[in-house]
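One structure is given below, encoded as structure tokens.
Values in this document were obtained by computation on a predicted structure and should not be read as measured data. All ligand and atom numbering here is 1-based and tracks the order in the structure.
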Amino acid sequence: MRRPLVAGNWKMNGDSQSTVSLVNGIVDGRGDVTRAEVLICPPYILIPRAADALNGRDDIALGAQDLDINQNGAFTGQISASMLVDAGCTYVIVGHSERRAIYGESDQDVAEKFRVAQEGGLIPVLCVGETLEERESGDTENVVARQVQAVIDVVGIENFDNSVIAYEPVWAIGTGKTATPEMAQEVHKFIRDMLSALNKDIADQLRILYGGSMNAGNAESLIGMTDIDGGLIGGASLQPDSFLAICTAAN
Ligand code: PEP
């Protein structure tokens, strides 16, 4: 039985004050959400602030939105896996479509980040997904397979046992357009089948999240699908009420 995971990707939003009030709101409202695992991924600089607000609670996990492939040294502006662990993170997002599109990260870059994250003791949340153009030209499965295969080539299928995949159709991110539960399920099943052909046990236990305009209104029908094990949430993770409604739907 896979434990659902709901992860909030705050992106480049917030400040000290809003971080404390968002964390407090999630903590206070969490109530019966005990089955679903809850993860928040603030901007780097706000991670220590979120950790302080959590005040030792370990039922809400902390993650980062990216990391560098190097451990330390002359890499101005970058943050390493060990720094994230030191700040209290257990997860890190790798290969978000904004990193791929805006910062030019290749499948190989993302695969290296996945490897370095795991070697550094973090659980990578690997984002994959097609653009609208790719979907319309019937390339969804090819794109997703290529993105997943690049990571398998670097770390091997065995290392997917301690990771999460997030299927995030690029056309659904921040647009208010959501894949229907059936569309999302089809791609989630495709990913699981691809991994299952290599190692069924790992594929069966791997959590595959959906991301792309998930909100309080559509979360239940999406997470209700067989191969959808939770969500990676952008916009709706910035308010306690909408984020908690998704956590409740996943629970
Ligand atoms: C995301 O950026 O990972 C995301 C899913 O964003 P949104 O929920 O805002 O579409």
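H96 NE2, 3.2 Å is the protein heavy atom nearest to atom 1 (C) of ligand 1. Taking atom 2 (O) of ligand 1 as the reference point, the nearest protein heavy-atom neighbour is K11 NZ, 2.5 Å. Atom 5 (C) of ligand 1 has E168 OE2, 3.1 Å as its closest protein atom, hydrogens excluded (heavy atom only).
Remark: the T178 side chain and the N218 side chain contain an N/O donor-acceptor pair separated by less than 3.5 Å. For the residue pair E134/T131, the side-chain donor-acceptor check at 3.5 Å is satisfied.
Atom NZ of K189 sits in a sparse spot, with 12 or fewer heavy atoms from other residues, nucleotides or ligands closer than 6.0 Å. Residue-environment remark: CG (D28) exceeds the threshold of 12 foreign heavy atoms within 6.0 Å.
Pairs of residues two or more places apart, or lying in two chains, that qualify as ring-ring contact (aromatic ring centres under 6.0 Å, His included) and include a residue from residues 113-170 are F114-F160, Y167-H188.
For the pair D193 (side chain) and F190 (backbone), a donor-acceptor distance under 3.5 Å is absent. Between the R49 side chain and the V20 main chain, no donor and acceptor come within less than 3.5 Å of each other.
Comparing G129, G234, S242, A172 by heavy-atom distance to atom 8 (O) of ligand 1, the nearest is G234.
Checking only distances, T175 never comes within under 3.5 Å of ligand 1, N or O to N or O. Not one N or O of I233 is nearer than 3.5 Å to an N or O of ligand 1, by distance alone.
Each of the atoms 7 (P), 9 (O), 10 (O) of ligand 1 lies under 4.0 Å from some heavy atom of G174. Within ligand 1, counting atoms from 1 as listed, the ones closer than 4.0 Å to a heavy atom of G212 are 5 (C), 10 (O). Interface atoms of ligand 1 facing N9, defined by a heavy-atom separation under 4.0 Å, are 2 (O), 3 (O). Residue-ligand proximity, G235 to ligand 1, at heavy-atom distances under 4.0 Å covers atoms 7 (P), 8 (O), 9 (O).
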